Each structure stands twice: as C-alpha cells, then as structure tokens.
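Keep in mind the model is a prediction, meaning the values are calculated, not measured. The basis for the numbers below is simple: all heavy atoms, side chains too, and nothing from hydrogens, waters or symmetry mates. Proteins get letters first, then strands, A, B, ... in listed order; numbering begins at 1 in each.
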There are 2 protein chains.
Amino acid sequence: MTSRRGRIELTTRPELDDLLGYHLRRASILDLAGFAEALGDEIKPVAFTVLCLIDETPGITAAEIGRQARLQRANLAPMLAEFDGRGLIERRLDAEDQRIQRLHLSQLGARAVADWRERALAQEDRTFGTLTSDERETLRGLLSRIWKDV
Amino acid sequence: MTSRRGRIELTTRPELDDLLGYHLRRASILDLAGFAEALGDEIKPVAFTVLCLIDETPGITAAEIGRQARLQRANLAPMLAEFDGRGLIERRLDAEDQRIQRLHLSQLGARAVADWRERALAQEDRTFGTLTSDERETLRGLLSRIWKDV
DNA sequence: TATTGTTATACTCTATAACTATA
DNA sequence: TATAGTTATAGAGTATAACAATA
C-alpha cells in the first residue's frame with residue numbers, strides 16, 4: 001500500500017522501532033565498530049575507559065574503577081597487569097593500607113591516552129557525522145541522565 | 001577546589017564525558033540489565049529482535065534477518081531451531097527456491113511476542129523514567145539517525 | 001568480619017571456516 | 001559461481017567462586 005506521494009505507508013510502526021533499547025544497542029554497536037577500526041590494534045574501549053579513569057583520578061584503586069565502570073575486580077586484575085607490562089601505568093602500594101594499590105598513568109601512558117583520545121574523538125566525528133554539534137550535545141545530555149544516578 | 005556554592009569545580013571536564021560512545025555504551029548496558037531482569041528467563045534481547053523482525057515481515061528469511069540485524073547466519077541457525085522447538089515459529093520451504101525457508105510466527109509465538117513486547121515497553125518506562133515523553137522521542141530520533149543509513 | 005587484589009574457571013556472545021543443497 | 005542453511009570451533013567478554021593478605 002502506498003500513499004499518494006508514492007512513499008510506503010506502514011499501517012503499524014515497526015515493533016522494534018518503539019524500543020529505545022534497540023536503538024541504543026544499534027548505535028552503540030556502530031560506535032564500537034568505528035572505535036575498533038580506528039584503534040583496535042592498540043587499545044579496546046573498556047581498556048581505554050579504565051585508563052581514562054586513572055587519568056581523571058590519579059591514585060584511584062582497581063576496586064573503585066570496578067564500581068565506577070561496572071567491571072569485575074577479577075577481570076580488572078589481568079588488564080592492569082597488562083598495562084603495567086606495557087609501561088602505561090604505575091602501581092604504588094598505599095602507605096596506610098597495604099591492601100591497596102594506587103594507580104597512576106606513566107608519562108608514556110599519559111601520552112598514549114592523549115593520542116588515543118584525540119583519535120577516538122576524530123572517529124566519533126565520523127560515526128556521528130549525521131548529527132549537528134547541538135544535536136550531539138543534546139544526545140550526550142539525554143544519555144548521561146539515563147545511566148547516571150540523577 | 002570548591003566554588004563559592006560549595007560544589008566541586010572541575011578544572012577540566014572528565015575525559016570520558018566527552019565521548020558519546022561511552023554514554024551510549026553505559027545507557028545500553030543499563031537497558032540490557034533491565035531487559036534481563038524483566039524477561040531474562042524467557043527471552044533475550046537479540047532473540048527478541050529476531051522474533052520481532054519475523055513478526056514485522058512474515059516470510060522473511062534467516063539470511064535477510066542476518067543482514068538487517070547484523071547477525072551471522074551461523075549464529076542464527078541454532079536460534080531459529082530453538083524457536084522451532086519451542087513452537088514459536090514455523091519454517092516453510094519456499095516453493096520456488098528450495099534453498100530458502102520462509103519464517104512465520106506461530107499463534108503461540110505471536111502471543112508470546114505481544115506479551116514480551118508489552119513487558120519490554122513497561123520495563124523501558126522504568127529504565128528511561130528520568131526522561132519525559134518528548135525527550136524519549138528526541139532520543140529515539142537521534143539514535144535512529146546514527147545507525148540507520150540516512 | 002569485610003575488603004583488596006588475585007587466580008582459576010565457566011558461560012555467553014560473536015566470528016570464521018567449511019560443508020550440502022540448491023540456483 | 002553464488003547463495004541459503006547448517007555445523008563445528010575459536011575467540012572475546014563477562015561472571016562466579018575461592019584464596020591470601022590486610023584491615
């Protein structure tokens with residue numbers, strides 16, 4: 001069935017189209033694919049998130065990263081060991097609480113994060129190129145309200 | 001450092017906050033958690049997507065579902081076999097092309113999809129409860145423009 | 001008793017390759 | 001030769017349980 005203008009007319013809107021979660025997932029998958037294409041050989045999204053948190057909060061602990069980024073300590077341990085092996089971070093034992101390792105970016109790590117960040121933002125310019133700057137800001141605001149405990 | 005009003009003042013915006021992909025991922029993860037909580041024992045998001053596509057387009061093929069939803073045929077095969085086993089779908093051999101199976105929801109499947117759909121939407125009311133109806137519509141529009149080839 | 005970091009392990013999801021049957 | 005459906009398998013990502021060290 002077509003309208004007078006020749007466009008297809010749906011008697012009912014597609015079911016999936018109603019589900020915000022579906023749109024979220026599809027957009028996120030597309031973004032992840034772009035990230036992988038741009039930086040996949042060097043860093044992965046979750047690992048980059050962890051490094052950004054260390055950059056934003058020098059001295060943050062693995063347990064705190066786990067809580068903030070919803071990652072299991074058990075999965076964080078080998079990741080941080082790898083960062084250490086690549087010379088991206090330093091792990092300093094806390095003087096007062098011997099259980100705790102304070103995490104810091106090394107100079108190399110800081111430079112790498114800055115580089116990756118720049119390239120990730122450039123990649124997002126491509127992924128979200130269909131949206132204007134204002135629309136992206138609107139989107140950012142709406143999304144952050146969803147997942148942050150606001 | 002605090003402002004005169006006592007709120008924490010960031011000299012620089014957190015790095016992660018700039019990345020739209022990060023917000024997308026966090027929001028999507030939250031939505032998936034809600035979906036799992038509401039329907040996890042009965043149906044999973046990807047499986048629900050597949051059933052919705054069959055509902056929207058009776059006679060659709062597995063290969064076409066794979067293209068539309070970015071799923072591998074190889075992973076679709078056991079899923080459709082399971083749907084068949086649960087009596088949710090029927091697979092009818094195409095009369096003209098013997099390679100093709102035309103997929104249709106059974107009566108049971110149609111009822112199940114309708115039920116799940118209602119509950120998924122109710123769950124989204126909770127997940128996105130912080131947004132107004134207009135804001136959700138705005139979000140839906142922006143997201144769909146990102147991942148659809150517009 | 002609770003928490004941190006760690007190891008081992010299981011489970012889910014997705015990707016790749018190869019096969020058959022049809023066209 | 002190309003495509004549909006299928007099978008087997010490998011890899012990545014995530015979750016669970018248990019442990020030693022420390023508080």
If you compare every side-chain N and O of [X] against the phosphate oxygens of [N] (OP1, OP2), does one of them come in below 4.0 Å?
{"X": "B:Arg91", "N": "D:dT6", "result": "yes"}
{"X": "A:Gln72", "N": "C:dG5", "result": "no"}
{"X": "A:Gln98", "N": "C:dG5", "result": "no"}
{"X": "A:Arg67", "N": "C:dT4", "result": "yes"}

Review point. Taking the side chain of B:Val46 as heavy atoms from C-beta outward, which of C:dT14, C:dA23, D:dA4 is closest to it?
Key: C:dT14
Review point. Choosing from C:dG5, C:dT14, D:dG5, which nucleotide comes nearest the side chain of A:Gln101?
Key: C:dG5
Practice item. Would you mind telling me which residue lines up with the more 5' stretch of DNA chain C, A:Ile100 or A:Ala74, judged by nearest nucleotide? Key: A:Ile100
Exercise for review: Would you mind telling me which residue lines up with the more 5' stretch of DNA chain C, A:Ile29 or A:Arg99, judged by nearest nucleotide?
Suggested key: A:Arg99
Nearest whole Å is fine: how far is [N] [atom2] from [X] [atom1]?
{"X": "B:Glu64", "N": "D:dG5", "atom1": "CD", "atom2": "C1'", "answer": "15 Å"}
{"X": "A:Ile65", "N": "C:dT4", "atom1": "CD1", "atom2": "C1'", "answer": "13 Å"}
{"X": "B:Lys44", "N": "C:dT12", "atom1": "NZ", "atom2": "C1'", "answer": "7 Å"}
{"X": "B:Arg92", "N": "D:dG5", "atom1": "CZ", "atom2": "C1'", "answer": "18 Å"}
{"X": "A:Arg73", "N": "D:dA17", "atom1": "CZ", "atom2": "C1'", "answer": "11 Å"}
{"X": "B:Gln68", "N": "D:dA4", "atom1": "CD", "atom2": "C1'", "answer": "16 Å"}

Across the strands shown, which category fits [X] at heavy-atom distances under 4.0 angstrom: base, sugar-phosphate, nothing?
{"X": "A:Arg102", "answer": "nothing"}
{"X": "B:Arg70", "answer": "nothing"}
{"X": "A:Glu96", "answer": "sugar-phosphate"}

Review point. Between B:Tyr22 and A:Trp147, is the ring centre distance below 6.0 Å?
Key: yes
Review point. For A:Leu103, does its backbone N or O pair with a side-chain atom of A:Glu90 as donor and acceptor, under 3.5 Å?
Key: no
Point to revise | Side-chain donor/acceptor contact of B:Asn75 with base of C:dA15 under 3.5 Å | key: yes
Exercise for review: Can you see which heavy atom on A:Thr130 is nearest to which on A:Glu135, and at what distance?
Suggested key: O-OE1, 4.3 Å
Review point. What orientation do B:Phe35 and B:Phe48 show, parallel under 30°, tilted 30 to 60°, or perpendicular over 60°?
Key: tilted
